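On a predicted model such as this, the values are computed, not experimentally measured, just so you know.
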Amino acid sequence: MDALNLGFERLKKIDPNFTYKSWFFETVKAPSQISKRQFFTGHESTKVVESVDASKIVATYNQRYYGKTWIEMLGSLRSFERCLEIEGYLDRRDNMSLSKYGEEYQICLGSHRSCISKFLDRPIKNIEVTEYQLDSRYQSDWDWFEGAHLRPIEERDEYWRFESNSKISVVIKKTMFQAFKSCFDDFDLFEEESVLKRMFQRENEPQLERVEILRPRDLKGRHVRELLKIIKNKYRF
């Protein structure tokens, strides 16, 4: 039996009077798919929480369930039948924990208990939760890049690669977003205009070229200045 049908068979076993809900068919998220996940880089704290609304669990750390819907995850739990035979199993908290990003939760340990509790709409009580704080400054910087028409196309280690539809490309270290913005805000578009013309004109026709910031120190070099001039000139930003 496939995971979908087995999931519904198991759901009937734990809740014979269940009603269909749209979230049954929503995809279980991987950690990277949690809303605004990349901005939760601030401080973290771990504590035992009195009660967690299981409906707010949207993701799992267990790669086995990536790409599955929630009903398919229920059908894919390897030890489902055996777990239900253990008295008070859903109330046990050994080897069970969650992480929290804003209002969303991710399963770290305890896939069976978390998934079953979600389908039963059963609060998870006295559970260890690691909560990550939103780095609002990082999010603000990200929004600024989007406002400058630079879209993220790649993440590599601590770097983000952004590109516009005008051959403008920038690779910048995450922690230096603010420094990049400061350079931009302080830059005078008309400064060294002759340098800009020499670099980006061919046969008296202006041509935009790809410019990359490959190393953090380039933020203080001429490449960032050239890039900022292009962006300002192109988008009147």
field: Lys47/Glu131 ion pair, N-O < 4.0 Å
entry: no
statement: For Thr46, the side chain to side chain contact (heavy atoms under 4.5 Å, CB included) test, sequence neighbours excluded, returns Glu128, Thr130
- prompt: Does Asp53 reach the side chain of Pro123, with side-chain heavy atoms less than 4.5 Å apart?
  reply: no
- request: Report yes if the side chains of Ile57 and Gln106 come closer than 4.5 Å at any heavy-atom pair, otherwise no.
  value: no
- prompt: Can you name the side chain to side chain contact (heavy atoms under 4.5 Å, CB included) partners of Ser79, sequence neighbours left out?
  reply: Arg82, Cys83, His112
task: Classify the side-chain pair Asn62/Thr60 by whether it contains a donor and acceptor separated by less than 3.5 Å.
output: no
statement: Between Ser99 and the options Tyr105, Tyr61, Tyr132, the side chain to side chain contact (heavy atoms under 4.5 Å, CB included) test singles out Tyr132
query: Restricting to pairs with a member in residues 110-124, which pass salt bridge (charged side-chain N to carboxylate O under 4.0 Å, His left out), not counting sequence neighbours?
result: Asp91-Arg122, Asp94-Arg113
Side chains of residues 11-33: which donor-acceptor partners sit under 3.5 Å, not counting sequence neighbours?
unit_1	atom_1	unit_2	atom_2	d
Thr19	OG1	Lys21	NZ	3.4
Gln33	OE1	Ala30	N	2.8

query: Is the backbone N or O of Ser136 less than 3.5 Å from a side-chain atom of Ser140, with the two atoms forming a donor-acceptor pair by type?
result: no
- prompt: Are any side-chain N or O atoms of Arg10 and backbone N or O atoms of Leu77, one a donor and one an acceptor, separated by less than 3.5 Å?
  reply: yes
message: Quick check: closest heavy atoms across Leu74 and Gly7, and the distance to 0.1 Å?
response: CD2-O, 3.4 Å
- request: Return the minimal non-hydrogen interatomic distance between Arg93 and Ile124, and the atom names on each side.
  value: NH2-CG2, 3.6 Å
query: Do Lys100 and Lys56 have side chains that get closer than 4.5 Å, going by heavy atoms?
result: no
Residues which pass side chain to side chain contact (heavy atoms under 4.5 Å, CB included) with Lys36, listed by chain and number, not counting sequence neighbours: Phe39, Phe40, Gln139
statement: Applying side chain to side chain donor-acceptor pair (under 3.5 Å) to Glu104 and not counting sequence neighbours gives none
